[in-house]
Protein chains: 2
Amino acid sequence: MTSKAEVARTWTVGELADELGVTTRTLRFYEAEGLITPQRAGANRIYSQRDHARMRLIQRGRRFGMTLGECREIVDMYDGAESSEQRQLQTLLARLDEIATDLRARQADLRRTLGEVTDVAAQCRARLTELGD
Amino acid sequence: MTSKAEVARTWTVGELADELGVTTRTLRFYEAEGLITPQRAGANRIYSQRDHARMRLIQRGRRFGMTLGECREIVDMYDGAESSEQRQLQTLLARLDEIATDLRARQADLRRTLGEVTDVAAQCRARLTELGD
DNA sequence: GTCGTGCTTGACGTTTACGTCAACGTAAGG
DNA sequence: CCTTACGTTGACGTAAACGTCAAGCACGAC
């Protein structure tokens, strides 16, 4: 998909760490855990756009409280979706449906939570105007 | 708010742990961390409906990846919303607005994630029907 | 040449959120 | 009286997700 006009962008550890708001330690740790697999230029790591994209997915997963293992499972799915065989596609699809169900449950949970928070805030405001007079 | 007809329900550690799907260790740990403060009957802990409610809130927070410290901050707010003074109410309200903003951001994030997951699932289904013929 | 900057690989430390004993009390049942 | 079930505190263990050195290489600037 990369045209010959646009050179594929790459990052060093420090650059990618800065851009993502993580430390280089984190990037190396994720690599050791098999979440990302940067190329090498000699000894130095070279991160591709694919690594970058995977990192964004991982970060989002982490914000939702997923473990690194769960994150890996998900990012790996994005890769496996095109090339697999029938059996693999079916198990993958089943897992995706599970995840979607879970996400919808979280949405409902979030809605409730947000509702409660705004309720409490409303109570606060009521008390404040009451006191304000 | 408890009428004389309905006796306030209470729980022992084991009962509450079973009902919430946690271990007794978790309940004692949360108490040590100041998240819940059950009464005592002699040496034994007696958990009230208030403790029960706080636990539900804590569990929900945990599902969203909050730390116990963040959970405590939130459950404490629910208590502070009624009785505080003007200054406290204002800082509380400001904090609540921050939280609400964060929750809305999470909602958007979740929507995106769910969209992507269903997209990948759609790709899988497409590949499957393609292979199925 | 050496200084600073950035990269490398270990190796050990740390925080969070509990799990897992151990040793003991106590109330109910047979 | 003895066992079983449930409770108590205290101490130590542990998995996850990094943080924090240490020691060294490589390279451009001065």
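Lettering follows sequence order; numbering is per chain, from 1. Quick caveat: nothing in here was measured; it's all calculated off a predicted structure.
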*Hey, are A:Glu116 and B:Tyr78 close enough side-chain-wise for a donor-acceptor pair under 3.5 Å?*
yes
What is the separation between atom [atom1] on [X] and atom [atom2] on [N], rounded to the nearest whole Å?
X	N	atom1	atom2	answer
A:Glu33	D:dA17	CD	P	8 Å
A:Glu31	C:dT8	CD	C1'	11 Å
B:Leu16	D:dC6	CG	P	16 Å
B:Asn44	D:dT8	CG	P	5 Å
B:Met66	C:dT15	CE	P	23 Å
A:Leu35	D:dA16	CG	P	13 Å
B:Arg28	C:dG19	CZ	P	11 Å

Quick check for you: among [options], whose closest atom lies nearest to any side-chain atom of [X]?
X	options	answer
A:Arg45	D:dC18, C:dA17, C:dT9	C:dT9
A:Val13	D:dG7, C:dG19, C:dC7	C:dC7
A:Thr12	C:dC7, D:dG10, D:dA17	C:dC7
B:Ala43	C:dT9, C:dA17, D:dT8	D:dT8
A:Arg25	C:dA11, D:dT9, C:dT8	C:dA11

*More than 12 foreign heavy atoms under 6.0 Å from CZ of A:Arg87: is that the case here?*
no
*Given side chains that start at C-beta, do those of B:Leu89 and B:Leu93 come closer than 4.5 Å, heavy atoms only?*
no
_If you define the side chain from C-beta out and look only at heavy atoms, does anything of A:Arg54 sit under 4.5 Å from A:Leu35?_
no
*If you look at every strand shown and take non-hydrogen atoms under 4.0 Å, does A:Thr24 touch a base, only sugar-phosphate, or nothing?*
nothing
*Looking only at side-chain N and O atoms, does B:Arg62 come under 4.0 Å of OP1 or OP2 in C:dA17?*
yes
*Has B:Thr26 got a side-chain N or O lying under 4.0 Å from the OP1 or OP2 atom of C:dG19?*
yes
*Nearest atoms (heavy-atom pairs only) where B:Ala81 meets A:Arg127*: O-CG, 4.3 Å
